[in-house]
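Residue numbers run from 1 in the order of the sequence given. In listed order, ligands and their atoms are each counted from 1.
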Amino acid sequence: MIIAVDGPAGSGKSTISKLLAKELGLVYLDTGAMYRLFTLKMLKENVSFSDNDKINELLEKLNINIENDKFYLDDEDVSKEIRKTDVAENVSKTAAIDEVREKMVSLQREFSKSKNVILDGRDIGTVVFPEADIKIFLVADPRERAERRFKELKAKGENISLDSIYENILKRDKLDSTRENSPLKKANDAIEVDTTGKNIEEVKNIILNLYNNKG
Ligand code: CDP
């Protein structure tokens, strides 16, 4: 069983995917976190986005691990760091690099082998698993998405303005949906769910209904 959840930043993908994973006994993979981990590595190593040789070298030696809610880079828990502004500001540039996508997609397929999984990202239903059993495309009004992210980061003690989050979300939406390699877009057979004004419970129930009707 493979459930693909795609959609723009802050549309509620990870919240819903975690809940569904619990409810349906699936393993959850946050693919965005993988791009964030690699972005953090590039920032730590001061690598330029045009330095292909160095990028390939980092990809070859990449040491990332995901255990439930914890994300490790070179055996260090960087779960908090990958959500910070400098990573958010650069992740869409990293995610547009062909070699980076190739590596991440291959790790995602490997991870999902012989498991029942729910993955969230931008290209899960279109590229990573075009044969997924269920494909959901979550959307929501950008203002509401920014407000959700603002609350999330505030609760974690990040000091960042709502306006800058809104700008970052719009910028990432644009970069993610206009890039050449695996752009963010709804797969033809994905079901679009607009989460604007809906609470988590409502969205979860919509998706559970789809799941139950699939048999
Ligand atoms: O949680 P949020 O919606 O802010 O983003 P994320 O899922 O953590 O993804 C961060 C970034 O990684 C996105 O803006 C994309 O640039 C990239 N990404 C991607 O290209 N493909 C994926 N399957 C997942 C994320």
Side-chain angles (χ1 to χ4, degrees), residues 2-18 28-43 49 64 66 69 71 73 78-112 117-130 132 135-142 144-153 155-156 158 160 162 164-187 190 195 200 203:
I2 294 174
I3 303 185
V5 182
D6 289 304
S11 54
K13 300 181 300 293
S14 69
T15 310
I16 280 301
S17 301
K18 274 185 220 163
Y28 165 54
L29 182 62
D30 176 349
T31 68
M34 299 170 71
Y35 291 93
R36 286 172 180 267
L37 283 165
F38 190 68
T39 305
L40 181 61
K41 181 71 179 171
M42 287 196 35
L43 293 173
F49 286 89
I64 59 174
I66 301 183
D69 258 0
F71 301 92
L73 175 65
V78 292
S79 312
K80 281 208 180 108
E81 261 180 287
I82 58 167
R83 306 292 164 195
K84 291 201 168 158
T85 312
D86 50 347
V87 173
E89 291 290 347
N90 288 287
V91 65
S92 289
K93 276 189 278 173
T94 316
I97 302 170
D98 290 347
E99 290 81 0
V100 175
R101 300 210 69 81
E102 199 182 312
K103 170 87 179 188
M104 297 305 164
V105 170
S106 122
L107 289 174
Q108 289 153 21
R109 291 186 180 138
E110 187 63 35
F111 174 92
S112 307
V117 284
I118 180 163
L119 303 95
D120 77 343
R122 303 292 185 287
D123 58 341
I124 309 302
T126 50
V127 174
V128 186
F129 288 115
K135 298 183 188 178
I136 309 292
F137 195 77
L138 289 185
V139 296
D141 168 74
E144 187 166 322
R145 291 193 272 128
E147 275 162 26
R148 288 176 189 166
R149 186 51 50 92
F150 179 63
K151 278 189 199 148
E152 227 172 82
L153 290 173
K156 285 183 186 162
E158 267 262 332
I160 183 167
L162 177 60
S164 66
I165 292 177
Y166 180 64
E167 293 307 321
N168 175 258
I169 279 185
L170 292 185
K171 205 167 124 197
R172 277 201 288 140
D173 282 358
K174 186 153 186 238
L175 284 172
D176 291 345
S177 47
T178 56
R179 70 178 174 225
E180 257 176 54
N181 189 337
S182 320
L184 164 68
K185 69 165 191 238
K186 179 180 162 297
T195 70
I200 296 163
V203 179

Those residues that, when tested against E89, pass salt bridge (Lys or Arg N to Asp or Glu O under 4.0 Å) (two or more places apart): K171
Run the salt bridge (Lys or Arg N to Asp or Glu O under 4.0 Å) test on E152 and R149 for me, step by step, so that the C-alpha distance in whole Å, both residues' side-chain angles and the decisive distance to 0.1 Å come before the verdict. CA-CA 5 Å; E152 227 172 82; R149 186 51 50 92; 3.2 Å; yes
Residues which pass salt bridge (Lys or Arg N to Asp or Glu O under 4.0 Å) with K13, listed by chain and number, not counting sequence neighbours: none
Could you tell me which residues satisfy side-chain contact (heavy atoms from CB on, under 4.5 Å) with E99, sequence neighbours excluded, listed by chain and number? N56, L59, I97
Keeping R145 on the side-chain end and A140 on the backbone end, is there a donor-acceptor pair under 3.5 Å? yes
Going by distance alone, is a donor N or O of one side chain under 3.5 Å from an acceptor N or O of the other, for S14 and D120? no
Heavy-atom contacts under 4.0 Å to ligand 1, chain-then-number order, include exactly A9, G10, K13, T31, G32, Y35, R36, R83, V91, S92, A95, R101, G121, R122, D123, R149, R172, D176, R179
